[in-house]
Amino acid sequence: DPSVLNPAARADITMLPAPVFLAEAGGIGHTYLPADVDGVVRTNLAAVRVGASLVPSLSAVITSRALGVSPNEMIFHSNNALTMGTRRTPLDSSQQSRPRYFPPSGVQAFQHYPYWQVLSGGVPKGQLRDKVVLIGLMNSDSADDSVATPVSKSTPPVVAIASAVS
């Protein structure tokens, strides 16, 4: 729906993925995590406007793929909703959803494994089978590599994106 473009946040593409990834990617999405006035990320910007197009968030692309829907088949509606196959997600007028954020550690956290452990075969294959797997930094010492969410003052962006996927 073209009317969805007007209220969507505007963005510029600052860096494209490497050509090898573009050739093989099942979808491409933005990773912008806008914070509220108090510095806390509470929403997922489901799409941004780049020129005359909407670019979905990486979490929306991952969700659509997990549902067996091509990112090109996602529908952003003028009545503030995103449809991916049979799943309909409510959005606000700025194309934002309100995911349930999960903490980076603890009982409710997503399971995570060191990358080297997966590559070396230290994680049983069944642990990852039929799962959505995200790869990202989990324990950076830099404040620039984390965002504040409602559940943690220091959430790795990969956990914030995973929360929006779930």
Side-chain angles (χ1 to χ4, degrees), residues 11 13-35 39-48 50 53-76 82-89 91 95-166:
I13 296 175
T14 57
M15 182 185 335
L16 286 173
V20 66
F21 294 122
L22 283 173
E24 298 298 324
I28 296 172
H30 75 82
T31 57
Y32 179 51
L33 299 168
V40 177
V41 173
R42 291 183 178 86
T43 59
N44 172 55
L45 191 53
V48 295
V50 176
S53 300
L54 282 178
V55 175
S57 66
L58 182 59
S59 60
V61 171
I62 292 168
T63 301
S64 73
R65 282 296 183 189
L67 294 170
V69 176
S70 166
N72 293 331
E73 296 171 16
M74 289 191 292
I75 301 170
F76 289 90
L82 165 61
T83 300
M84 295 175 272
T86 59
R87 182 174 181 178
R88 187 173 179 92
T89 302
L91 303 174
Q95 305 304 312
Q96 297 184 83
S97 65
R98 293 208 170 262
R100 173 182 176 221
Y101 284 96
F102 291 85
S105 61
V107 176
Q108 293 185 326
F110 294 109
Q111 183 65 50
H112 59 273
Y113 303 99
Y115 191 64
W116 66 266
Q117 193 176 17
V118 175
L119 290 178
S120 69
V123 175
K125 291 180 184 179
Q127 290 292 104
L128 303 177
R129 183 172 290 120
D130 299 324
K131 303 283 192 287
V132 173
V133 177
L134 302 180
I135 299 170
L137 297 175
M138 285 296 295
N139 55 357
S140 173
D141 293 331
S142 171
D144 292 338
D145 293 332
S146 65
V147 296
T149 65
V151 296
S152 175
K153 293 179 182 176
S154 182
T155 300
V158 70
V159 173
I161 291 169
S163 294
V165 170
S166 71

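These numbers come from a predicted model, not from an experiment.
Residues passing the salt bridge (Lys or Arg N to Asp or Glu O under 4.0 Å) test with R42 are D36, D38, sequence neighbours excluded.
Looking at V41 and Y101, their side chains come closer than 4.5 Å, going by heavy atoms from C-beta outward. In this structure, T89 and M84 have side chains that are in contact, with non-hydrogen atoms separated by less than 4.5 Å. L22 has its side chain within reach of I28: a pair of non-hydrogen atoms, C-beta onward, lies under 4.5 Å apart. Looking at heavy atoms from C-beta onward, V40 lies in side-chain contact with P150 at the 4.5 angstrom threshold.
Using modelled atom types, no side-chain atom of T43 and backbone atom of L45 make a donor-acceptor pair closer than 3.5 Å. With hydrogens and angles ignored, the 3.5 Å screen pairs a side-chain donor or acceptor of S163 with a backbone N or O of F102.
Across every non-hydrogen atom of P157 and S146, the tightest pair is CD-CA, 4.0 Å. Minimum heavy-atom separation, T83 to G85: CG2-O, 3.2 Å. Contact detail for P103 and V159: the closest heavy-atom pair is O-CG1, 4.1 Å. The nearest pair of heavy atoms linking L33 to A160 is CD1-CB, 4.1 Å. For the pair H30 and V55, the tightest heavy-atom approach, listed with the atom from each and the gap, is CD2-O, 3.4 Å. Contact between P71 and G27 at its shortest, heavy atoms only, is CG-CA, 4.0 Å.
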Q. Is there a side-chain contact (heavy atoms from CB on, under 4.5 Å) between T31 and I161 once you walk through the steps?
A. CA-CA 8 Å; T31 57; I161 291 169; 4.2 Å; yes
Q: Test L128 against V118 for side-chain contact (heavy atoms from CB on, under 4.5 Å), laying out the working first.
A: CA-CA 9 Å; L128 303 177; V118 175; 3.9 Å; yes
Q | Worked verdict on L91 versus F76 for side-chain contact (heavy atoms from CB on, under 4.5 Å) | A | CA-CA 9 Å; L91 303 174; F76 289 90; 4.0 Å; yes
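Within the structure, the side chain to side chain donor-acceptor pair (under 3.5 Å) test picks out the following pairs touching residues 113-133 (sequence neighbours left out): Y113-Q127.
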Distance-only donor-acceptor pairs under 3.5 Å for side chains of residues 57-66, two or more places apart:
| from | atom 1 | to | atom 2 | distance (Å) |
| --- | --- | --- | --- | --- |
| S57 | OG | N44 | ND2 | 3.4 |
| S57 | OG | S59 | OG | 3.0 |
| S57 | OG | A60 | N | 3.0 |
| S59 | OG | N44 | OD1 | 3.2 |
| S59 | OG | N44 | ND2 | 3.2 |
| T63 | OG1 | S59 | O | 2.8 |
| T63 | OG1 | V165 | O | 3.4 |
| S64 | OG | V61 | O | 2.8 |
| S64 | OG | V69 | O | 3.3 |
| R65 | NE | G26 | O | 2.8 |
| R65 | NH2 | G26 | O | 2.6 |

